[in-house]
Amino acid sequence: MALHRTSLPRTAEAVALVELREAIVRGDLAPGAPIRQSAAAEELGLSVIPVREALKTLAGEGIVTYVPQRGYTVTELSPRGVEGIFRVRELLEGEAEANAAARMRPEDIAALRGALDAQRAAVAATDVQGVITGNRRFHFALLSRCDNEWLLRFVTQLWEALEPHRALAYRRGAAAGDYARAEAILAEHDAIATAFENARIPDALRLLAEHRSEGLADFQRLLTPAEQNK
């Protein structure tokens with residue numbers, strides 16, 4: 001499961017919550033994968049109780065799913081479910097981006113470029129985890145400037161619900177030697193960063209909205225059976 005106990009002083013439940021969430025977001029636990037409470041507790045050096053409570057929290061966020069008699073699994077999304085998430089992202093994330101864009105500083109724009117450079121290097125090195133991390137860093141270099149705490153919290157939750165599937169998409173592409181979409185994402189990110197560098201905020205927000213639409217199409221292709229895409 002690749003869980004790693006951190007050294008920060010936190011409650012046992014907080015440790016379990018952070019480590020389980022990160023394992024899911026990284027894609028170490030793929031969509032549909034079962035989460036064995038006893039095994040997770042052993043890896044974290046915790047009792048089962050805090051792990052169970054952490055899983056209840058993640059279930060409330062929609063990241064994991066509980067089925068009686070079967071236990072917890074990483075949530076598998078349907079094409080319709082993904083469309084629902086992206087519709088909410090369109091409403092909330094668009095608002096968060098506009099809020100954040102008005103507060104961007106030179107160092108934030110530099111962080112966009114730094115994240116893009118790291119993502120580009122990861123694509124060249126076929127480092128799937130680096131690509132995922134760079135992609136998230138890029139978007140949150142902007143989103144973290146949003147000063148509405150609740151808005152940012154819900155946007156982050158929506159991102160985390162999609163991350164296991166994003167990881168799966170990148171890994172499938174890498175396994176097939178298909179990097180066309182990864183290169184296209186780099187180009188989209190470059191255009192967004194350039195718009196911010198040139199203080200073209202309306203253009204940057206438009207490009208972000210278009211990029212989000214392309215992201216929806218990516219997830220639809222991932223979750224739709226191959227024979228339906230022919």
Side-chain angles (χ1 to χ4, degrees), residues 21-33 61-63 65 74-94 96-97 112 115-143 154-195 203-230:
R21 189 195 305 278
E22 290 185 355
I24 293 169
V25 167
R26 285 193 306 266
D28 295 339
L29 291 166
E61 296 174 2
I63 298 174
T65 300
V74 180
T75 299
E76 291 187 279
L77 297 176
S78 65
R80 182 176 180 181
V82 166
E83 289 175 5
I85 288 176
F86 269 86
R87 175 54 180 154
V88 178
R89 279 187 64 189
E90 180 184 351
L91 297 171
L92 298 186
E93 194 170 314
E97 288 166 347
L112 280 176
L116 177 54
D117 289 343
Q119 186 180 2
R120 183 175 287 110
V123 169
T126 65
D127 175 6
V128 173
Q129 187 54 50
V131 173
I132 295 167
T133 300
N135 180 73
R136 189 181 178 94
R137 279 180 53 199
F138 179 87
H139 284 277
F140 279 84
L142 167 64
L143 290 168
F154 288 126
V155 167
T156 300
Q157 183 177 331
L158 291 168
W159 264 76
E160 290 178 349
L162 290 170
E163 287 293 62
H165 298 271
R166 194 187 312 277
L168 181 60
Y170 279 126
R171 286 173 175 158
R172 283 183 179 175
D178 180 7
Y179 295 96
R181 182 55 190 146
E183 293 290 348
I185 290 171
L186 291 176
E188 292 165 16
H189 283 183
D190 183 72
I192 292 164
T194 298
D203 286 344
L205 294 176
R206 174 182 55 79
L207 289 167
L208 282 161
E210 292 173 358
H211 179 58
R212 194 160 36 249
S213 294
E214 290 296 330
L216 172 57
D218 291 339
F219 280 101
Q220 288 173 327
R221 284 190 292 271
L222 173 68
L223 296 173
T224 300
E227 59 271 16
Q228 293 185 24
N229 290 325
K230 294 179 181 179

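Only this structure's heavy atoms are used, side chains among them; waters, hydrogens and symmetry mates stay out. In what follows, residues are counted from 1 in the order of the sequence shown.
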Between [X] and [Y], what is the shortest heavy-atom contact and its length?
X: Glu93; Y: Trp159; result: OE1-NE1, 3.1 Å
X: Arg137; Y: Ala118; result: NH1-CB, 3.6 Å
X: Leu92; Y: Leu158; result: CD1-CD1, 4.3 Å
X: Ala96; Y: Val155; result: CB-CG2, 4.2 Å
X: Leu207; Y: Ala195; result: CD1-CB, 4.3 Å

Close side-chain approach of [X] and [Y], heavy atoms under 4.5 Å:
X: His211; Y: Ile185; answer: yes
X: Leu142; Y: Ile192; answer: no
X: Thr133; Y: Asp127; answer: no
X: Leu216; Y: Glu90; answer: no
X: Asp190; Y: Arg120; answer: yes

Between [Y] and [X], does any NZ, NE, NH1 or NH2 come within less than 4.0 Å of an OD or OE carboxylate oxygen?
X: Glu188; Y: Arg181; answer: yes
X: Glu160; Y: Arg136; answer: yes
X: Glu83; Y: Arg87; answer: no

Would you give the length of the straight line joining atom [atom1] of [X] to atom [atom2] of [Y], rounded to the nearest 0.5 angstrom?
X: Ile85; Y: Leu162; atom1: CD1; atom2: CG; value: 4.5 Å
X: Leu112; Y: Phe140; atom1: CG; atom2: CZ; value: 13.0 Å
X: Leu208; Y: His139; atom1: CG; atom2: NE2; value: 7.0 Å
X: Leu143; Y: Thr156; atom1: CG; atom2: OG1; value: 7.5 Å

Check: Leu205 main-chain N/O paired with Glu97 side-chain donor or acceptor under 3.5 Å:
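No; zero donor-acceptor contacts below 3.5 Å.
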
Parallel, tilted or perpendicular: which describes the rings of His189 and Phe138, with under 30° parallel and over 60° perpendicular?
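Taking Phe138 first and then His189, their aromatic rings lie parallel (interplane angle under 30°).
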
